[in-house]
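Side-chain atoms are counted along with the backbone in the values below, which use heavy atoms only and exclude waters and symmetry mates. This chain uses plain numbering: 1 for the first residue, then up along the sequence. Every number for a ligand or one of its atoms is a count from 1 in the order of the listing. Being a predicted model, the structure only gives us computed values, none of them experimental.
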Amino acid sequence: MDAVGRVHTFVRVKPTANFAQDMIKFGPDNKSVNIYIKKDARKGVVNNTQTDWSFRLDGVLHNTSQELAYETVAQKLVSEALSGYNGTIMCYGQTGAGKTYTMTGVTTEYKHRGIIPRAIQQVFKATARSIDPLVTVRISYLEIYNETMFDLLSPTGSGPGGTPMAVVDCPQGVYVKGLSIHPVSDEEDALSLLWEGDANRVIAEHTLNKNSSRSHCIFTIYIESHFRAFSDVKCITSKINLIDLAGSERLGKTGSEGQVLKEAAYINKSLLFLEQIVIALADPKRDHVPFRQSKLTHVLKDSLGGNCNTVLVANICGEAVHVEETLSSLRFATRMKWITTAPVINKTYNQEGVVKALEKEVDLLRQELAMHDSLANRSSVTYEPLTDTQVAEIKSQVHSYLQGTIDEIDIVNVRQIQEVFKQFKLILRQQEHEVKARLRHKYLLIDKTDGAAVAALQKTGVADVDGNLLQEECGTRRGKKKKTRKSNEQPKKERIRNSLAGRDVDGSSRSKSRARIPTKDLDVKQGARNQNTATMGAELSKPALAEDFQRPRSPPPKPVAFEQFKEEYGSEINRVFKENKRILLAKKKRSSVVAQSISFIKREMENVQKALEAQQQERWQQGEHVDEKGQLIMDEELLLSMKLEDLKEEYRSAQAELQELRAEVQRCQQLVDQCRNKLISEFEIWYNESFLIPKDLREALKPGGNIRPGMIPINRVMCLEEDVQERFEQLQEAALPACPASVSFYRAKMKTDQKHAYSRAMSSLEKMRKKPGLITAAGKTKPLSFLHVE
Ligand code: ADP
Ligand code: MG
């Protein structure tokens with residue numbers, strides 16, 4: 001740009017079908033705009049005797065593509081920023097005139113992206129070409145709303161409740177204290193921040209009831225290049241401010257009230273101050289420029305005129321109704337034009353500070369190198385062995401590191417590093433061993449291509465004639481008592497092992513084609529319907545998995561996972577399930593005891609009855625009242641009838657008890673079934689959430705997290721990523737062949753969308769949050785009552 005120049009101004013007209021062609025005319029060189037207002041129309045519109053206005057600018061963008069707009073307005077400014085000149089581009093104009101379209105553009109279409117994405121692309125293209133690698137690019141995104149500053153990229157949020165921000169003047173320029181500045185390594189990173197900031201702005205618009213057209217947004221790209229010129233180390237810094245100003249419309253006339261009025265006052269004030277500053281800057285005689293009057297002007301102190309390249313885009317609407325605002329915007333633009341600029345390269349220096357900083361870096365590199373060398377030569381160096389205490393200390397550090405209680409292990413020396421690796425190896429071995437042992441316990445491994453082994457299995461009925469594995473049918477277990485099943489199963493297992501004797505049952509065979517034979521299968525869904533109490537009991541009595549069982553990346557087999565589930569998340573329901581089964585069993589036992597005693601009583605009654613009848617017979621035949629022993633027959637008859645009565649009574653009460661017990665058994669059986677279903681359905685949910693849901697979501701579902709497992713509609717969760725992915729693929733398909741440079745643009749957009757879709761899903765899930773389905777264990781204290789599950 002010019003050595004001594006001025007602010008460059010452009011007008012961009014928003015395309016419209018109702019362009020007021022009689023009112024707005026462009027000069028033949030496309031550098032001027034003339035406004036004509038007919039006398040009658042003038043009356044109510046402008047209270048001025050002048051009817052025609054002519055504005056000279058640096059260019060008129062009418063029906064101009066985003067690409068051409070960028071080339072005209074920004075390209076030179078950005079390339080100069082890469083050489084160390086600060087640059088500022090501002091869009092000014094009434095709401096709806098196209099400021100955001102010009103600055104940010106359409107976020108879903110690469111072709112229609114605005115100045116910011118294009119500037120980012122230009123910066124990174126240039127830094128990729130640069131021979132000197134020490135270029136760092138950083139980004140900040142600031143919003144000023146009602147004289148309050150908001151960091152659109154702050155992880156914690158800012159403004160009310162967040163870190164208070166302040167504009168600070170210092171000899172190097174102006175900066176905003178508390179505004180986060182993010183280093184970015186490539187175009188995609190920088191674009192992600194832009195989308196992120198825009199999304200945050202939209203969120204704040206809803207939550208804080210803000211109106212985004214009433215805020216100023218400043219996206220800043222900071223460029224810092226270090227390079228060597230002969231023996232000097234030079235550092236050049238520059239920043240590009242890309243500003244989407246608040247709507248310039250005068251709201252007073254619409255009679256806005258309350259919040260809007262306050263907002264209007266603030267924007268009017270800040271835009272008015274901006275205008276005043278523009279006038280002051282344009283006046284060479286004026287020595288004081290009141291930058292501090294508003295946040296906007298204060299922040300822009302070193303970005304307006306002076307040693308900065310400044311460009312203003314006045315966005316106007318082409319319709320007649322907007323002519324008043326159009327006039328006002330054009331006036332602002334022409335005033336702006338009178339500000340002189342004398343851009344200077346921002347600090348080209350070989351100052352001590354930079355040299356020192358670089359020396360420090362070199363020192364660090366040297367240290368790293370030394371460490372690397374000593375690592376490389378470690379075989380030739382001998383070390384004192386570590387003491388037992390030192391080893392124990394390292395071991396405990398490694399454990400803490402694996403458990404996540406410490407984030408990193410400090411590197412002390414080579415011996416310590418070696419010991420750390422050794423400890424890792426030990427833990428790995430140990431885990432491998434445990435997993436193998438567990439799997440061996442559950443599965444019998446054979447080589448499927450091994451004919452003899454398959455034949456042996458066919459004999460035992462585990463494999464069919466084609467060598468396919470036959471799953472133990474749940475139905476065959478039905479009705480079998482626990483004891484029976486166990487005694488049946490054991491010899492079967494033995495049989496398999498025996499028939500495979502001499503073979504490699506542990507799976508160390510060379511062939512890769514391998515069959516897993518479940519010695520106890522558990523098709524959980526099927527199990528819910530078919531398996532009886534005893535079968536389930538057998539499952540429950542199996543040894544549990546170790547606490548520190550590492551969740552593999554690919555889902556573990558369900559039977560393995562089921563064991564883990566019962567130990568961890570499902571332990572309470574499993575306890576209730578077992579308790580209910582214990583009660584059921586006790587009731588059943590009691591029932592059979594009572595049933596047995598009933599049949600005994602019945603037999604007794606029959607006997608007594610017979611005896612009684614015999615007595616009576618004898619009495620009638622002999623007519624005697626004494627028997628052989630001289631005892632009165634009547635007495636004996638009486639005794640027998642009394643005994644019969646007692647027995648009858650006993651029989652009745654036993655019958656009653658039996659009946660009651662049967663009802664209880666039935667009810668208890670229902671509860672056991674219910675428990676089993678619950679155990680299995682909870683397991684299904686747990687399995688999905690533990691192994692099929694993406695890792696970050698899993699974190700939120702961990703115990704203590706406020707989202708109850710089971711509430712996540714798994715299909716929906718899995719769709720979150722797919723939706724965005726799918727859209728991205730569609731976009732890519734459409735855009736990529738024509739424009740391979742759009743990859744970063746779409747990728748960054750996809751990432752931001754994904755992130756926001758995720759947080760939206762999470763927050764709506766939190767809203768849906770219900771009380772967890774508790775397992776009532778109230779019956780625990782009462783003997784022989786059942787435990788209920790919800
Ligand atoms: P502002 O930020 O000034 O309030 P916007 O940039 O949001 O206005 O523009 C309002 C609408 O007009 C948007 O839908 C935008 O896409 C559209 N628009 C603005 N300028 C143009 C243009 N030059 N070409 C096509 N559409 C435009
Ligand atoms: Mg806008």
- A97 touching ligand 1 at heavy-atom level, < 4.0 angstrom: yes

- Message: So that I know where these two stand, are W195 and F745 an aromatic pair - ring centroids less than 6.0 Å apart?
- Response: yes

- Taking it one step at a time, do E188 and K751 satisfy salt bridge (Lys or Arg N to Asp or Glu O under 4.0 Å)? CA-CA 10 Å; E188 190 183 318; K751 280 188 184 159; 2.5 Å; yes

- Message: Judged on heavy-atom distance to atom 5 (P) of ligand 1, which of A246, S248, G105, G98 sits nearest?
- Response: G98

- Applying salt bridge (Lys or Arg N to Asp or Glu O under 4.0 Å), run through E249 and R214 and close with a yes or a no. CA-CA 10 Å; E249 60 275 11; R214 315 245 173 280; 3.5 Å; yes

- Query: If you measure every N/O of P15 against every N/O of ligand 1, is any gap under 3.5 Å?
  - Reply: no

- Lys/Arg cation over aromatic Y36: K25, 6.0 Å, 45° cone: yes

- Mind checking whether K239 and T88 have side chains closer than 4.5 Å, heavy atoms only? no

- Got a sec: is T95 within less than 2.8 Å of the Mg ion (ligand 2) via an N/O/S atom? no

- Message: One pair to check against side chain to side chain donor-acceptor pair (under 3.5 Å): E196 and T752. What are the steps and the verdict?
- Response: CA-CA 6 Å; E196 180 71 34; T752 318; 5.3 Å; no

- Task: Report the residue from L330, I37, T334 that forms a side chain to side chain contact (heavy atoms under 4.5 Å, CB included) with W53.
- Result: I37

- Under 4.0 Å from a heavy atom of T100: give me the atoms of ligand 1 that qualify, with their elements. 1 (P), 2 (O), 6 (O)

- Task: Could you list which atoms of ligand 1 come closer than 4.0 Å to a heavy atom of Q94?
- Result: 3 (O)

- Message: Check whether Y110 forms a cation-pi arrangement with R113 (NZ or CZ under 6.0 Å from the six-membered ring centre, at most 45° off the ring normal).
- Response: yes

- Message: D58 vs K31, test: salt bridge (Lys or Arg N to Asp or Glu O under 4.0 Å). Steps then yes/no.
- Response: CA-CA 5 Å; D58 293 287; K31 287 193 174 178; 5.8 Å; no

- Output the list of atoms in ligand 1 that are nearer than 4.0 Å to some heavy atom of T95, sorted by atom number. 4 (O)

- Message: To check your reading of the model: name the closest protein heavy atom to atom 21 (C) of ligand 1, its residue, and the distance in Å.
- Response: Y101 CD2, 3.3 Å

- Query: ligand 1 and K99, any nitrogen or oxygen pair closer than 3.5 angstrom?
  - Reply: yes

- Message: For atom 25 (C) of ligand 1, is there a protein heavy atom at a distance under 4.0 Å?
- Response: yes

- For atom 14 (O) of ligand 1, is the nearest protein heavy atom under 4.0 Å away? no

- Note on the structure: protein heavy-atom neighbour closest to atom 10 (C) of ligand 1 works out as G96 O, 3.7 Å

- Note on the structure: for atom 17 (C) of ligand 1, nearest protein heavy atom and its distance come out as K14 CE, 4.3 Å

